[in-house]
Student: 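Sharing a structure, written as structure tokens. Questions coming.
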Amino acid sequence: MIIRGDAANLIHNREGRLAPDQKSQLQAMRAFRVPFLPMLFVGLALMGVGISRADVLGWVVVALGAVLLFNAWTRRQSQAALKTGVVQAISGQLEKIRPVPFAMFESELVINKRSYALLAKLGEQPLTVGQNYTIYVAKGVSRMGIIVAVETA
């Protein structure tokens with residue numbers, strides 16, 4: 001029985017892909033709309049400036065540039081994962097429900113000792129700690145994993 005999410009979208013999720021509505025909802029989030037190219041170019045520029053300097057400050061600038069390059073790469077990977085829209089079904093017992101400070105997520109759920117972010121506005125039916133659920137997670141979009149649907153196992 002579906003607990004959170006839309007029944008029409010759940011058909012796509014069971015097939016291992018995001019529904020078009022879910023994909024557009026995730027793409028509309030600000031975290032996934034930030035372009036990666038400016039970060040990439042600024043990171044490369046900082047690394048170039050840092051390498052041209054031969055002092056301690058230059059190495060600090062190189063490190064900042066490397067952080068921006070890594071951030072640009074991970075943004076690119078998450079945007080590519082969102083375009084492919086792969087969904088993974090995970091079954092397990094709900095261990096904890098924690099609040100999160102972000103409006104785009106309702107709460108953080110811990111299942112099988114892993115944390116997942118429950119997308120906001122998926123429904124009002126309460127989740128019970130200790131009960132078995134099957135969650136559908138958008139794979140590769142974020143480190144934590146974003147839950148797009150929940151049903152009882």
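Worth saying up front: this structure is predicted, and the values here are computed from it rather than measured.
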Student: Tell me the closest heavy-atom pair linking Val110 and Ser115, and the distance in Å.
Tutor: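 Answer, listing the atom of Val110 first, then Ser115: CG2-OG, 3.8 Å.
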
Student: Who pairs with Arg17 by side chain to side chain contact (heavy atoms under 4.5 Å, CB included), at least two apart in sequence or on another chain?
Tutor: His12, Glu15

Student: Side chain of Asn132, backbone of Ser91: donor and acceptor closer than 3.5 Å?
Tutor: no

Student: I'd like to know whether NZ of Lys139 has more than 12 heavy-atom contacts from other residues, nucleotides or ligands below 6.0 angstrom.
Tutor: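 For Lys139, atom NZ is not crowded (no more than 12 foreign heavy atoms under 6.0 Å).
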
Student: State, to 0.1 Å, how close Asn112 and Gly92 come at their nearest heavy-atom pair, and which atoms those are.
Tutor: OD1-CA, 3.6 Å

Student: For Ala138 and Leu26, which heavy atoms make the closest approach, and how far apart are they?
Tutor: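 The pair with the smallest heavy-atom distance is CB-CD1, 4.2 Å.
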
Student: Do the non-hydrogen side-chain atoms of Ser107 and Leu109 ever get within less than 4.5 Å of each other?
Tutor: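 Sidechains of Leu109 and Ser107: in contact.
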
Student: Side chains of Glu95 and Lys113: does their closest heavy-atom pair fall under 4.5 Å?
Tutor: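 In contact.
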
Student: List the atom of Val34, the atom of Met39, and the distance in Å for their closest heavy-atom pair.
Tutor: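 So the minimum-distance heavy-atom pair works out to CG1-CE, 3.8 Å.
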
Student: When you compare the side chain of Gln88 with that of Ile135, does any pair of heavy atoms fall below 4.5 Å?
Tutor: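 A side-chain contact under 4.5 Å is absent here.
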
Student: Distance-only criterion, 3.5 Å: show the donor-acceptor pairs between side-chain atoms of residues 57-77 and protein atoms not counting sequence neighbours.
Tutor:
| residue | atom | partner | partner atom | Å |
| --- | --- | --- | --- | --- |
| Thr74 | OG1 | Phe70 | O | 3.3 |
| Thr74 | OG1 | Asn71 | O | 2.9 |
| Arg75 | NH1 | Ala31 | O | 3.0 |

Student: Can you name the nearest heavy-atom pair linking Thr84 to Ala81, along with the distance?
Tutor: OG1-O, 2.9 Å

Student: Do the non-hydrogen side-chain atoms of Thr134 and Ile90 ever get within less than 4.5 Å of each other?
Tutor: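 Answer no - side chains too far apart.
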
Student: Is there a side-chain contact between Met144 and Glu108 (heavy atoms, below 4.5 Å)?
Tutor: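 When only atoms from C-beta onward are counted, Glu108 and Met144 do touch, with a gap below 4.5 Å.
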
Student: Hey, what do you get for OH (Tyr133) to CG (Leu94), rounding to the nearest 0.5 Å?
Tutor: 6.0 Å

Student: Membership question, hydrophobic clusters at under 4.5 Å side-chain separation (ILVMFWY): are Phe36 and Leu44 in the same one?
Tutor: yes

Student: Determine, step by step, whether Leu118 and Phe105 satisfy the side-chain contact (heavy atoms from CB on, under 4.5 Å) criterion, reporting the C-alpha distance in whole Å, the side-chain angles of both residues, the deciding distance to 0.1 Å, and the verdict.
Tutor: CA-CA 6 Å; Leu118 179 62; Phe105 300 120; over 6 Å; no

Student: Glu106 and salt bridge (Lys or Arg N to Asp or Glu O under 4.0 Å): which partner among Arg4, Arg98, Lys121?
Tutor: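 Among Arg4, Arg98, Lys121, the one that satisfies the salt bridge (Lys or Arg N to Asp or Glu O under 4.0 Å) with Glu106 is Arg4.
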
Student: When you check the side-chain N and O atoms of Asn13 and Gln22, is any donor under 3.5 Å from an acceptor?
Tutor: yes

Student: Under 3.5 Å, which donor-acceptor pairs link side chains of residues 146-153 to any protein atom two or more places apart or in another chain?
Tutor:
| residue | atom | partner | partner atom | Å |
| --- | --- | --- | --- | --- |
| Glu151 | OE1 | Arg14 | NH2 | 2.6 |
| Glu151 | OE2 | Tyr136 | OH | 2.5 |
| Thr152 | OG1 | Met1 | N | 3.2 |
| Thr152 | OG1 | Met1 | O | 3.4 |

Student: Would you check, one step at a time, whether the test side-chain contact (heavy atoms from CB on, under 4.5 Å) holds for Val129 with Gln93?
Tutor: CA-CA 8 Å; Val129 174; Gln93 186 176 30; over 6 Å; no

Student: Run the side-chain contact (heavy atoms from CB on, under 4.5 Å) check on Asn9 and Gln25 step by step: do they pass?
Tutor: CA-CA 12 Å; Asn9 293 341; Gln25 181 184 6; over 6 Å; no

